[in-house]
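For reference, the structure is listed below as structure tokens.
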Amino acid sequence: MSAKPRLTYLNGRGRMESIRWLLAAAGVEFEEVYLETKEQYDKLIKDGFLLFQQVPLVEIDGMKMVQTRAIMSYIAGKYNLHGKDLKERALIDMYVEGISDLMQMILMFPFSPPDAKEKNLESIKERATNRYFPVFEKVLKQHGQDFLVGNKFSWADVQLMEAILAVEEKVPAVLSGFPQLQVFKTKMSNVPTIKKFLQPGSPRKPPPDAHYVETVLKVFKK
């Protein structure tokens with residue numbers, strides 16, 4: 001087995017993108033296998049690679065891991081991005097779960113029917129500005145530190161950075177009322193591993209387009 005983690009998913013963001021972000025932030029190089037047909041997906045299931053018949057699939061340290069949250073928790077623990085003690089870990093997990101609720105809306109947006117897109121976009125903007133971003137603005141303001149938990153770079157910071165950029169793609173001025181998050185975004189953009197991931201030619205995927213949506217529907221069709 002290759003020493004590099006091996007990621008199996010579609011050639012697009014989806015549920016794998018947060019895993020790519022976390023590995024990249026940890027400075028870990030990885031290989032990718034892209035699913036393009038339903039037959040490839042069915043073969044993974046038939047061969048017993050997918051415990052719950054779902055991707056993402058990450059092969060790492062001799063394991064075939066599925067379930068996004070479990071994969072990311074393992075990576076965060078392995079590369080010391082999960083806090084110094086149980087209390088920090090609980091905070092990080094709590095923040096990550098909140099961010100993932102927002103990311104779920106962004107994840108599903110490309111699959112919105114045309115007549116629902118405007119309404120769904122408004123929902124993303126409303127949730128980001130009224131429910132999720134105010135939490136992190138307040139946390140950063142109250143403790144006055146560079147990172148969300150323990151003044152140390154963690155899984156939660158990576159997830160928040162991904163979410164900020166994903167929302168900004170759809171609502172460019174979304175951070176206008178959040179000065180702390182603006183500073184946070186700038187600092188995170190200059191973390192060497194993140195900076196590298198944000199450069200052209202990195203494994204970071206572009207926003208989903210019609211071709212990606214079509215491929216998802218084709219690969220996962222019932």
Side-chain angles (χ1 to χ4, degrees), residues 1-76 78-79 81 96 99-100 102-113 117 120 124 155 158-159 161-170 193-222:
M1 183 175 285
S2 166
K4 290 181 183 176
R6 181 180 167 102
L7 282 50
T8 300
Y9 198 70
L10 293 92
N11 186 9
R13 289 185 183 175
R15 297 189 185 282
M16 186 65 90
E17 190 70 355
S18 293
I19 297 168
R20 296 184 188 106
W21 263 90
L22 195 55
L23 284 168
V28 180
E29 291 187 0
F30 50 86
E31 299 173 349
E32 297 202 64
V33 176
Y34 298 129
L35 298 177
E36 295 172 352
T37 66
K38 189 173 190 306
E39 288 71 29
Q40 288 174 297
Y41 175 55
D42 288 343
K43 187 175 189 309
L44 283 176
I45 295 172
K46 183 168 173 282
D47 292 347
F49 274 51
L50 305 179
L51 195 63
F52 300 105
Q53 302 185 14
Q54 295 169 314
V55 287
L57 166 68
V58 174
E59 296 169 74
I60 183 170
D61 295 341
M63 298 184 291
K64 292 180 175 62
M65 292 196 72
V66 293
Q67 296 298 326
T68 310
R69 199 64 45 213
I71 294 165
M72 295 184 70
S73 183
Y74 180 80
I75 294 166
K78 181 178 170 74
Y79 296 104
L81 296 171
V96 163
I99 297 162
S100 70
L102 176 59
M103 289 301 292
Q104 177 66 15
M105 296 175 72
I106 293 166
L107 194 71
M108 297 312 295
F109 180 76
F111 301 93
S112 307
K117 278 206 185 302
N120 290 348
I124 290 170
W155 176 19
V158 181
Q159 290 286 274
M161 182 64 175
E162 182 192 3
I164 287 171
L165 296 184
V167 176
E168 278 188 331
E169 285 173 352
K170 293 172 173 49
T193 54
I194 300 280
K195 191 171 185 177
K196 184 179 177 185
F197 190 61
L198 294 175
Q199 299 302 311
S202 84
R204 186 182 179 216
K205 305 305 179 201
D209 58 13
H211 174 71
Y212 172 73
V213 170
E214 186 183 309
T215 306
V216 169
L217 297 176
K218 179 176 70 175
V219 171
F220 299 129
K221 69 183 176 189
K222 299 297 182 190

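These values consider heavy atoms only, across backbone and side chains, with no hydrogens, waters or symmetry-generated copies. Residue numbers run from 1 in the order of the sequence given.
Remark: aromatic rings of Y41 and F220 are close, center separation under 6.0 Å.
Heavy atoms only, all atoms of each residue included: I99 and A163 are closest at CG2-CB, 3.6 Å. Closest approach of S112 and N120 over heavy atoms only: OG-ND2, 2.9 Å. A166 and I106 make their closest contact through CB-CD1, 4.0 Å (heavy atoms, listed as atom of the first residue, atom of the second, distance). The two residues S100 and R69 make their nearest non-hydrogen contact at CB-NH2, 3.1 Å. Nearest approach of A24 to T193, heavy atoms of both residues: O-CB, 3.3 Å. Contact detail for K196 and S202: the closest heavy-atom pair is O-CB, 3.7 Å.
Of the listed residues (V58, T8, L57), just one forms a side chain to side chain contact (heavy atoms under 4.5 Å, CB included) with K64, and that residue is L57. Each of F197, W155, F30 was scored for a ring pair (Phe, Tyr, Trp, His ring centres under 6.0 Å) with W21, with one residue passing: F197. Just one residue in the list L35, I45, L7, V66 forms a side chain to side chain contact (heavy atoms under 4.5 Å, CB included) with V55, and that residue is L35.
Not a single donor-acceptor pair under 3.5 Å links the side chain of Q54 to the backbone N or O of L50. Judged purely by atom type and a 3.5 angstrom limit, T215 uses its side chain to pair as donor or acceptor with the backbone of H211. Of the possible donor and acceptor atoms, one in the side chain of R13 sits under 3.5 Å from a partner among the backbone N and O of K205.
A distance of 5.5 Å separates CG of L22 from CD1 of I75, quoted to the nearest 0.5 Å. Distance check: L217 CG to K221 NZ gives 10.5 Å after rounding to the nearest 0.5 Å. One finds the CD atom of Q159 at 12.0 Å from the CD1 atom of I164 (value rounded to the nearest 0.5 Å).
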Inset, instruction - List the steps, then state whether side chain to side chain contact (heavy atoms under 4.5 Å, CB included) holds for L107 with Q104. - result: CA-CA 5 Å; L107 194 71; Q104 177 66 15; 3.7 Å; yes
Inset, instruction - Begin with the C-alpha distance, continue with both residues' side-chain angles, and end with the deciding distance and a verdict on side chain to side chain contact (heavy atoms under 4.5 Å, CB included) for I124 and K170. - result: CA-CA 9 Å; I124 290 170; K170 293 172 173 49; 4.3 Å; yes
Inset, instruction - Begin with the C-alpha distance, continue with both residues' side-chain angles, and end with the deciding distance and a verdict on side chain to side chain contact (heavy atoms under 4.5 Å, CB included) for E32 and Y9. - result: CA-CA 8 Å; E32 297 202 64; Y9 198 70; 5.7 Å; no
Inset, instruction - Start with the C-alpha gap between V213 and F111, add the side-chain angles, then the distance that decides, and say whether side chain to side chain contact (heavy atoms under 4.5 Å, CB included) holds. - result: CA-CA 7 Å; V213 170; F111 301 93; 3.7 Å; yes
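If you check the side chains of Q67 and R15, you find no donor sitting under 3.5 Å from an acceptor. Side chains of E162 and S18: a donor on one and an acceptor on the other come within 3.5 Å. No side-chain donor from either of Y212 and N11 sits under 3.5 Å from a side-chain acceptor of the other.
The environment of Q40 atom CD is dense: over 12 non-hydrogen atoms of other residues, nucleotides or ligands sit within 6.0 angstrom. By the neighbour-count criterion of 12 heavy atoms within 6.0 Å, atom CD of Q199 is densely surrounded, having more than that number from other residues, nucleotides or ligands. Few gaps surround NZ on K117; more than 12 heavy atoms of other groups in view lie less than 6.0 Å from it.
Using a cutoff of 4.0 Å between basic side-chain nitrogens and carboxylate oxygens, E36 and K218 are not scored as salt-bridged. E29 and K4 are joined by a salt bridge, as a carboxylate oxygen and a charged side-chain nitrogen come within less than 4.0 angstrom of each other.
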